[in-house]
Amino acid sequence: MTATNGGPTRARQDTVAAVVRQWQAVHPDLDTAPMEIIGRINRCAALFQQAEDAPLRRAGLSRPEFDLLGALRRTGHELTPSELARETFSSGAAVTKRLKQLTERGLVERRGDARDRRVAHVRLTDAGRALVDGILPEQLAYETALLSGLDPQGQSELAALLGDLLGQLEGRLRALRA
């Protein structure tokens, strides 16, 4: 263990550690500890995105498309595009574009609302359900392989810490929007 910014941490040999060392050399008076967390989260996210979710790619899906299909599958009922946007943390415009593509591929169907013609309801087709159910085990195995460098306890601890952070951030954003 080495001390960084006053707290004990493991000696790191990653790109973020190098960036932090460089900033500490330029501005030794600044606490760069947040970079060690946020920088690593951002770098991990970028690397996960670069990995391109191989099983999804083989199925001809992007991660955002799979997220839409997954939202419909896991909720088990029709959703409006607005509900899908909330479920997938996407913009309405992005959801509309993806739904058009998924509809053209026969993976989802849109049905108009009987009371409000401006509202659409989206559901999985049999083909969409089969695709999600078929690819999910392979995608989870792929994600397990990506995380295999961490032992099960480390994965559990990381999941708990990220869950705590996410809960706090979501709570703060809800409070700011209110």
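What you see is a predicted model, and the numbers here were worked out from it, not measured in a lab.
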Visitor: Count I, L, V, M, F, W, Y as connected when their side-chain heavy atoms are under 4.5 Å apart, and connections chain through other members. Are Leu169 and Ile41 then in the same cluster?
Guide: yes
Visitor: Can we say Arg63 and Glu143 salt-bridge, meaning some charged N sits less than 4.0 Å from an Asp/Glu carboxylate O?
Guide: yes
Visitor: Quick check for you: to the nearest 0.5 Å, what is the distance between Arg110 atom CZ and Lys100 atom NZ?
Guide: 11.0 Å
Visitor: Shortest non-hydrogen contact from Thr125 to Glu109?
Guide: CG2-CG, 3.3 Å
Visitor: So if you build clusters from Ile, Leu, Val, Met, Phe, Trp, Tyr with side-chain heavy-atom gaps below 4.5 Å, do Trp23 and Val20 land together?
Guide: yes
Visitor: For residues Gly106 and Ala127, report the shortest heavy-atom separation together with the two atoms involved.
Guide: O-CB, 3.8 Å
Visitor: Has Ser156 got a side-chain atom pairing as donor or acceptor with Gln153's backbone, closer than 3.5 angstrom?
Guide: no
Visitor: What is the distance from atom CD of Gln101 to atom OG of Ser62, rounded to the nearest 0.5 Å?
Guide: 7.5 Å
Visitor: In sequence, state the C-alpha distance, the side-chain angles, and the governing distance for Leu136 and Phe66, and then conclude on side chain to side chain contact (heavy atoms under 4.5 Å, CB included).
Guide: CA-CA 10 Å; Leu136 184 60; Phe66 181 74; 4.0 Å; yes
Visitor: For Asp126, look at atom CG and say whether over 12 heavy atoms of other residues, nucleotides or ligands are found less than 6.0 Å away.
Guide: no
Visitor: How long is the span from the CG atom in Leu72 to the CD atom in Glu83, to the nearest 0.5 Å?
Guide: 10.0 Å
Visitor: Please evaluate residues Arg74 and Glu87 with respect to the criterion side chain to side chain contact (heavy atoms under 4.5 Å, CB included), reporting the C-alpha separation (whole Å), side-chain torsions for both, the decisive distance (0.1 Å), and the verdict.
Guide: CA-CA 11 Å; Arg74 72 176 187 271; Glu87 284 286 327; 2.8 Å; yes
Visitor: Which atom names give the shortest non-hydrogen contact between Leu99 and Val108, and what distance separates them?
Guide: O-CG2, 4.0 Å
Visitor: For atom CD of Glu104, is the number of surrounding heavy atoms from other residues, nucleotides or ligands below 6.0 Å larger than 12?
Guide: yes
Visitor: Which heavy atom of Leu79 sits nearest to which heavy atom of Ala71, and what is that distance?
Guide: CD1-O, 4.0 Å
Visitor: Looking at Thr88 and Leu84, what are the two nearest heavy atoms and their distance?
Guide: OG1-O, 2.7 Å
Visitor: Which atoms form the tightest heavy-atom contact between Glu36 and Val16, and what is the distance?
Guide: CA-CG1, 4.2 Å
Visitor: Please determine whether residues Tyr142 and Phe48 belong to a single hydrophobic cluster, defined as Ile, Leu, Val, Met, Phe, Trp and Tyr linked transitively by side-chain heavy-atom distances below 4.5 Å.
Guide: yes
Visitor: Determine whether a donor-acceptor pair (N or O, by modelled atom type, separation under 3.5 Å) exists between the side chain of Arg105 and the backbone of Gly60.
Guide: yes
Visitor: Hey, could you give me the OG1/CD distance between Thr75 and Glu78, rounded to the nearest 0.5 Å?
Guide: 10.0 Å
Visitor: When rounded to the nearest 0.5 angstrom, what is the spacing between CD1 in Ile135 and CG in Leu69?
Guide: 9.5 Å
Visitor: To the nearest 0.5 Å, how far apart are CZ in Arg58 and CD in Gln139?
Guide: 9.0 Å
Visitor: Below 4.5 Å, heavy atoms only, C-beta onward: do Pro34 and Ile37 meet side chain to side chain?
Guide: no
Visitor: Going only through I, L, V, M, F, W and Y residues with side-chain contacts under 4.5 Å, is there a path from Leu162 to Leu150?
Guide: yes
Visitor: Thr32 vs Gln24, test: side-chain hydrogen bond (donor to acceptor under 3.5 Å, both in side chains). Steps then yes/no.
Guide: CA-CA 7 Å; Thr32 56; Gln24 287 172 338; 3.2 Å; yes
Visitor: Hey, are Arg98 and Glu65 close enough for a salt bridge, meaning a charged N less than 4.0 Å from a carboxylate O?
Guide: no
Visitor: If hydrophobic clusters are built from ILVMFWY residues whose side chains come within less than 4.5 Å, do Leu61 and Leu140 share one?
Guide: yes
Visitor: Mind checking whether Arg73 and Arg129 have side chains closer than 4.5 Å, heavy atoms only?
Guide: yes
